[in-house]
Amino acid sequence: MQGSPEAVNDIERAAEVLRAGGLVAFPTETVYGLGADAGNATAVARIFEVKRRPRSHPLIIHIGASSQLHDWAEGVSPAARLLAERFWPGPLTLVLRRGRRVPLVVTGGAETVALRVPAHPIAQRLLSAFGGGIAAPSANRFGSVSPTCAAHVREDLGADVDFVLDGGPCAIGIESTIVDVTCEEPAILRPGGVTREALEQVLGRSVPVASRSRIRAPGSHALHYAPRARVILVERDELVPEAERLAARGERVGVLLPGGSARAPRGACAIAVIPDSMAEYARRLYQMLRDFDRRGCSVILASLPAEDEFGLAIADRLRRAAGPRGDEGPEGGGTGSRARWLQTET
Ligand code: TXA
Ligand code: MG
């Protein structure tokens, strides 16, 4: 739709809906967002209702250009500026000190704000037609898998969203990388579309992934990015035998099977062969999880990829899908200087 006259009309209409306090689902290069006028507290409150998301979980504000950074954030560090210059527009979200105009409903009451300039041309045109910031989480109900095409949004949210801009399938397919730049040492709160290696190259230092215990917050939930089927992680060698054991017990087994596997498990209900390219795996992961649900799988077996480049984000999402994990309760930890919202809510 991108160059057509309908597209221009659609963008104008969507901007109108935002101005009127409505909700617009729109494509980004990562996943689809459910947007509202970031300056309109009532409109933003409706996002939480529609998603059925706890009010304490903050939203990302999408802006049109890094020149708008100072409209929404204060005390922007040199590292933050460097990351914005290098990666925006793109799949990077920066957590900064909240600017005064940011309504507290957007940040879940926090004194920090998450900002991102999306690269998708439709998102960019929507932002420029609208003129303000758009607060948007992923456009799915709380606790389920993020939508990577407009059909997923309609399946999940139906008539609860006022307007859906269809930009086709998302090129990256998993959410943005979230980097906390409020402290001296930037840290990754959620791995995503910008790799840790790329961040480290630009900053010229190592960028740790903030430990789970440091980002726990009251009210956070352990099980997210999750399909309906139970996700079980096993060693790669165990995938086929474990799938066959479970199938023999009457489970409807879905398997995320690595490309070079010697054979497919017998009795599996659905098998998705993992692409060799990790970028392609990321692009298709959520669709594959949805497909397992559609085929009625009761359990999904997967193994973790090597945790470099895109593998880090894929492993993160698979672990979260396989949660809750027993090592810390949903309310544990989270009192340090990086005490943050658990980066798992969807
Ligand atoms: O790629 C993406 O990031 C997509 C697209 C639509 O931009 N958005 C997205 O939003 O994934 P959401 O709400 O599903 O996830 C945003 C994450 C949440 O885990 C939330 O806790 C975190 O960002 N977040 C937002 N504001 C924050 C803040 N002030 N401090 C720490 N984390 C924050
Ligand atoms: Mg989400």
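Indexing begins at 1, ligand by ligand and atom by atom, following the structure's order.
- Relative to atom 15 (O) of ligand 1, the option among His120, Glu111, Arg190 with the closest non-hydrogen atom is Arg190.
- Screening Arg52, Arg141, Lys51 for a side-chain hydrogen bond (donor to acceptor under 3.5 Å, both in side chains) with Asp160, the sole residue that qualifies is Arg141.
- Neither the backbone nor the side chain of His57 has any atom closer than 4.0 Å to an atom of ligand 1 (non-hydrogen atoms only).
- The main-chain N or O of Ala279 is found under 3.5 Å from a side-chain atom of Ser277 such that the two form a donor-acceptor pair.
- Considering backbone and side-chain N/O atoms, Ser138 comes within less than 3.5 Å of an N/O atom of ligand 1.
- Numbered from 1 in the order shown, with element, the atoms of ligand 1 that lie under 4.0 Å from a heavy atom of Thr112 read 28 (C), 29 (N), 30 (N).
- With ring centers used as reference points, Phe26 lies under 6.0 Å from His62.
- Per-residue contacts place Val95 under 4.0 angstrom from the following atoms of ligand 1 (heavy atoms of the residue considered): 30 (N), 31 (C).
- Each of the atoms 1 (O), 2 (C), 3 (O) of ligand 1 lies under 4.0 Å from some heavy atom of Ser176.
- Residues Glu85 and Arg81 are not paired through a salt bridge, judged by the lack of any N-O separation under 4.0 Å between the basic side chain and the carboxylate.
- Between the side chain of Ser138 and the main chain of Asn140, no donor-acceptor pair closer than 3.5 Å is present.
- Looking at Glu175 next to ligand 1, no N or O pair under 3.5 Å apart turns up.
- Residue Tyr32 has no N or O atom closer than 3.5 Å to an N or O atom of ligand 1.
- For the ligand labelled ligand 1, residue Thr107 lies outside the 4.0 Å heavy-atom shell.
- With ligand atoms numbered from 1 in the order given, ligand 1 contributes 5 (C), 6 (C), 7 (O) to contacts under 4.0 Å with heavy atoms of His62.
- Evaluated by nearest non-hydrogen atom to atom 10 (O) of ligand 1, the leading choice among Pro137, Ser146, Gly193, Gly35 is Pro137.
- Taking 2.8 Å as the criterion, Asn140 does not count as a coordinating residue of the Mg ion (ligand 2), since none of its N, O or S atoms falls below it.
- For His152 and Tyr286, the gap between ring centers reaches or exceeds 6.0 Å.
- Within the set Glu29, Arg53, Lys51, the minimum heavy-atom distance to atom 13 (O) of ligand 1 is found for Arg53.
- Atoms of ligand 1 found under 4.0 Å from any heavy atom of Gly33 (numbered from 1 in listed order, with element): 6 (C).
- Side chains of Arg228 and Ser298: no donor on one and acceptor on the other come within 3.5 Å.
- Within ligand 1, the atoms closer than 4.0 Å to a non-hydrogen atom of Ile178 are 17 (C), 22 (C), 23 (O), numbered from 1 in the order shown.
- With a heavy-atom cut-off of 4.0 Å, Arg98 does not touch ligand 1 at all.
- Distance check: Asn9 CG to Glu16 CD gives 12.0 Å after rounding to the nearest 0.5 Å.
- The nearest pair of heavy atoms linking Cys297 to Ala229 is O-CB, 3.3 Å.
- Checked by atom type, the side-chain pair Ser176/Arg190 shows a donor-acceptor distance below 3.5 Å.
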